[in-house]
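Structure first, then comments.
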Amino acid sequence: MSNRHLSRTLAMQTLYEWDFNGQKDIDLDSLVVSNSKEFAPGFDDAGFSDELIKGVIKNLKAIDKLITKYAPEWPIEQITVVDRNILRIGIYELKFNSEIPSKVAINEAIEIAKTFGGESSGKFVNGVLGAIYKEMRDKGELKQADMEKSAEEKKEEVPNQPK
């Protein structure tokens, strides 16, 4: 498991506990430390999981609005706590973190949903994040990280020209 994947998993676990307990004023820093000791002893992610958690909480209202918009058949309180927090992390990385390429954010969220969610969690997360990505692309709101990746992918697709 890559370091960032493990960091995302720790962030999801921490947000799950916070959300499950009613989003009360819980010391999230202590919760991150506790979860790191329990689920990844000796692991140092250089603060990446903490960055994800704080980013989600800082942008929670906007993130939850996006969930409501792109999953209208599922009132946010009816989405399982696991899926809801995986979506929150995915949307944070997709919309609010300029350094993470969109496809990475989507793929990581899908993989975590397949591992920790229910039978259809991966498809559900893919559908919601995919719709958000499509709108971003259609509106020309892709991130610089997406543009750089696209340019690299295009270079690889060019067939070798005869000399």
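Side chains are part of it too, since the values below use all heavy atoms of this structure and drop only hydrogens, waters and symmetry mates. Just so it is clear, the structure is predicted and the values come from calculations on it, not from any experiment.
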One thing to verify: whether Lys95 and Glu141 come together as a salt bridge, which I'm taking to mean a side-chain N less than 4.0 angstrom from a carboxylate O. yes

Taken to the nearest 0.5 Å, the spacing of Ser49 OG from Lys54 NZ works out to 10.0 Å

Contacts of Lys134 meeting side chain to side chain donor-acceptor pair (under 3.5 Å) (sequence neighbours excluded), chain-then-number -> Asp138

One should read off an interatomic distance between Asn59 CG and Asp64 CG, to the nearest 0.5 angstrom, of 10.5 Å

Donor-acceptor contact present, side-chain Lys143 to main-chain Phe96, <3.5 Å:
no

TODO: Go through the steps for Arg88 and Ile67 under the test side-chain contact (heavy atoms from CB on, under 4.5 Å), then give the verdict.
DONE: CA-CA 8 Å; Arg88 286 173 173 160; Ile67 294 171; 4.0 Å; yes

Looking only at heavy atoms, the pair that brings Gly90 and Leu129 closest together is C-CD2, 4.0 Å

Residues passing the side chain to side chain donor-acceptor pair (under 3.5 Å) test with Lys65, sequence neighbours excluded, are none

For Ala145 and Ser98, the nearest pair of non-hydrogen atoms, with its separation, is CB-O, 3.6 Å

Residues Leu60 and Trp18: closest non-hydrogen pair is CD2-CH2, 3.5 Å

What one should report as the nearest heavy-atom pair of Leu87 and Val125 is CD2-CA, 4.0 Å

_I'd like to know if the side chain of Asp83 and the backbone of Ser121 have a donor-acceptor N/O pair within less than 3.5 Å._
no

- Is it true that Arg8 and Glu111 make a salt bridge, defined as a side-chain N closer than 4.0 Å to a carboxylate O? no

Does any part of the side chain of Ile100, heavy atoms only, come nearer than 4.5 Å to the side chain of Arg4, both counted from C-beta? yes

Separation between CD1 (Ile91) and CD1 (Ile106), nearest 0.5 Å, reads 10.5 Å

d(Asn85 CG, Tyr16 OH) to nearest 0.5 Å is 9.5 Å

(request) Start with the C-alpha distance between Phe48 and Leu10, add both sets of side-chain angles, then the distance that settles side-chain contact (heavy atoms from CB on, under 4.5 Å), and finish with yes or no. (result) CA-CA 10 Å; Phe48 185 66; Leu10 288 169; over 6 Å; no

Here the gap from Ile86 atom CD1 to Thr9 atom OG1, rounded to the nearest 0.5 Å, amounts to 8.5 Å

message = Donor-acceptor check, side chain of Asn126 to backbone of Gly122, threshold 3.5 angstrom: yes or no?
response = no

On a heavy-atom basis, the closest approach of Asp146 and Lys103 is OD1-N, 4.4 Å

Sorted by chain and number, sequence neighbours left out, side chain to side chain donor-acceptor pair (under 3.5 Å) with Lys69 holds for Glu135

One should read off an interatomic distance between Tyr92 OH and Leu52 CG, to the nearest 0.5 angstrom, of 6.5 Å

Kindly determine whether Ile57 and Leu15 satisfy side-chain contact (heavy atoms from CB on, under 4.5 Å), including the steps that lead there. CA-CA 9 Å; Ile57 295 197; Leu15 288 168; 4.2 Å; yes

Is any side-chain heavy atom of His5 less than 4.5 Å from a side-chain heavy atom of Ile112? yes

Query - CD (Glu99) with more than 12 external heavy atoms under 6.0 Å - result: no

